[in-house]
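Input: a single structure, listed below in structure tokens.
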Amino acid sequence: MHSAPGKLILFGEHAVVYGQPAIAMPFNAVHVTAKATHTPPGTGLSVLARDLDLALHVIPGDDTPDNALTYAALLVLRTLHIANPPDLSIEIRSTIPFGSGFGSGAAVSAALMRELSSVLGHPLEGDTLNDLVYEVEKIHHGTPSGIDNTVIVRNTPIYFVREKPIQNIKNAVPLTFVVADTGIPAPTKETVGRVRELVMGDPKIYRPYIDQIGQIVDEARTHMEKGYLLGIGHLMNLNHNVLRSLEVSSPILDKLTNVANEAGALGAKLSGGGRGGNIIALVDAADAKKVRAALNDSGAMRTWIATLERTEA
Ligand code: MEV
């Protein structure tokens, strides 16, 4: 059995698609597992996703599969130069809410590819796996920055700039986040598409927001290196407001970020594609339960407490 975690974007979503930096961490409270079982000779390769009520047969040579699961499996076979699919059934189970900004698509691909390649005797990991998961991400939305697959495959916090070497993050003090899922799925394809319409349609107005997010991310990185919690929280609020200007927030996301701040959070923002999905709030560890309770009372579907440990760069 193999697995992959979810992810949280701490700063920089959407702007990262346009070459600005972003900061993300793995979210291990939710994850995907993939488990292969051998099936009788001649049955071929299939992928089962009971949560989605899907049972899919992998057809060799199908070069344009429109399903991310079968495409992920085919990419592994192609990479390992295996012409005849093995007789296997791979079962996918996920605790990552779908379309909620936690990177469920990338995590499913990563877990599936890990399991299939391992059963075939050539475990794929690192950059090779990351590149393959990225290929599948393109099915989910046409222009992925690559941040989701990278943080999920590496399973470490990252400072990410599209097509640049990945940098580790120095984090001087442990950071405690309360994470709240609105329970409203919002496909990244739509939110990324909306931002593209705005940025391409009216660059004079919207391009500066993209650049502003990039500046927020770099300031946040400096504050993380110094362990300046108040500064990080303040920048989360700013980042959320710029995302509102890019029209990827929503009434429930605004409400939950306000509730978190009123309950004592140091700052809060939507995380991921937005419109639905989740918010994250930075808190003093002592206030985590209080902020979590306030979010639960205000319409959050599920909440978690996540910690980013102290790390050296
Ligand atoms: C989605 O988790 C993050 C976005 O910035 C899209 C991307 O980076 O591909 C919204």
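Both counts, for ligands and for their atoms, begin at 1 and track the order of listing.
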Practice prompt. Say whether Asp218 and Tyr159, considering side chains only, have a donor N or O and an acceptor N or O under 3.5 Å apart.
Written response: yes
Worksheet entry | Contacting atoms of ligand 1, where contact means under 4.0 angstrom from a heavy atom of Ile147 | 8 (O)
Worksheet entry | Sub-4.0 Å atoms of ligand 1 with respect to non-hydrogen atoms of Glu13 | 5 (O)
Worksheet item: In terms of side-chain geometry, is the basic nitrogen of Glu262 or Lys255 positioned less than 4.0 Å from the acidic oxygen of its partner?
Response: no
Worksheet item: Same cluster or not: are Leu56 and Leu48 linked, directly or through other Ile, Leu, Val, Met, Phe, Trp or Tyr residues, by side-chain heavy atoms under 4.5 angstrom apart?
Response: no
Fill in: Which residue and heavy atom of the protein sit nearest atom 4 (C) of ligand 1, plus the separation
His14 N, 3.9 Å
Item to complete: Kindly confirm or rule out an N or O of Ser145 lying under 3.5 angstrom from an N or O of ligand 1.
Response: yes
Worksheet item: Looking just at side-chain N and O atoms, do Arg196 and Thr143 make a donor-acceptor pair shorter than 3.5 Å?
Response: yes
Discussion item. Any nitrogen or oxygen of Asp148 lying under 3.5 Å from a nitrogen or oxygen in ligand 1? Just yes or no.
Written reply: yes
Discussion item. Looking only at protein heavy atoms, which one is nearest to atom 3 (C) of ligand 1, and what is the separation?
Written reply: Ile9 CD1, 3.6 Å
Worksheet item: At a 4.0 Å threshold, what atoms of ligand 1 neighbour a non-hydrogen atom of Val16?
Response: 5 (O), 8 (O)
Fill in: Glu135 vs Lys138, salt bridge (charged side-chain N to carboxylate O under 4.0 Å, His left out): CA-CA, chis, key distance, verdict
CA-CA 6 Å; Glu135 281 308 306; Lys138 289 183 189 164; 3.1 Å; yes
Discussion item. One residue to check: Lys7. Relative to ligand 1, which of side chain, backbone, both or neither has a non-hydrogen atom less than 4.0 Å away?
Written reply: side chain
Fill in: side-chain contact (heavy atoms from CB on, under 4.5 Å), paired with Val178, selected from Lys289, Arg292, Lys290
Arg292
Item to complete: Record the part of Thr191 in heavy-atom contact with ligand 1 below 4.0 Å; permitted values are side chain, backbone, both and neither.
Response: neither
Worksheet item: Does any donor atom in the side chain of Thr150 or Asn130 lie under 3.5 Å from an acceptor atom in the other side chain?
Response: yes
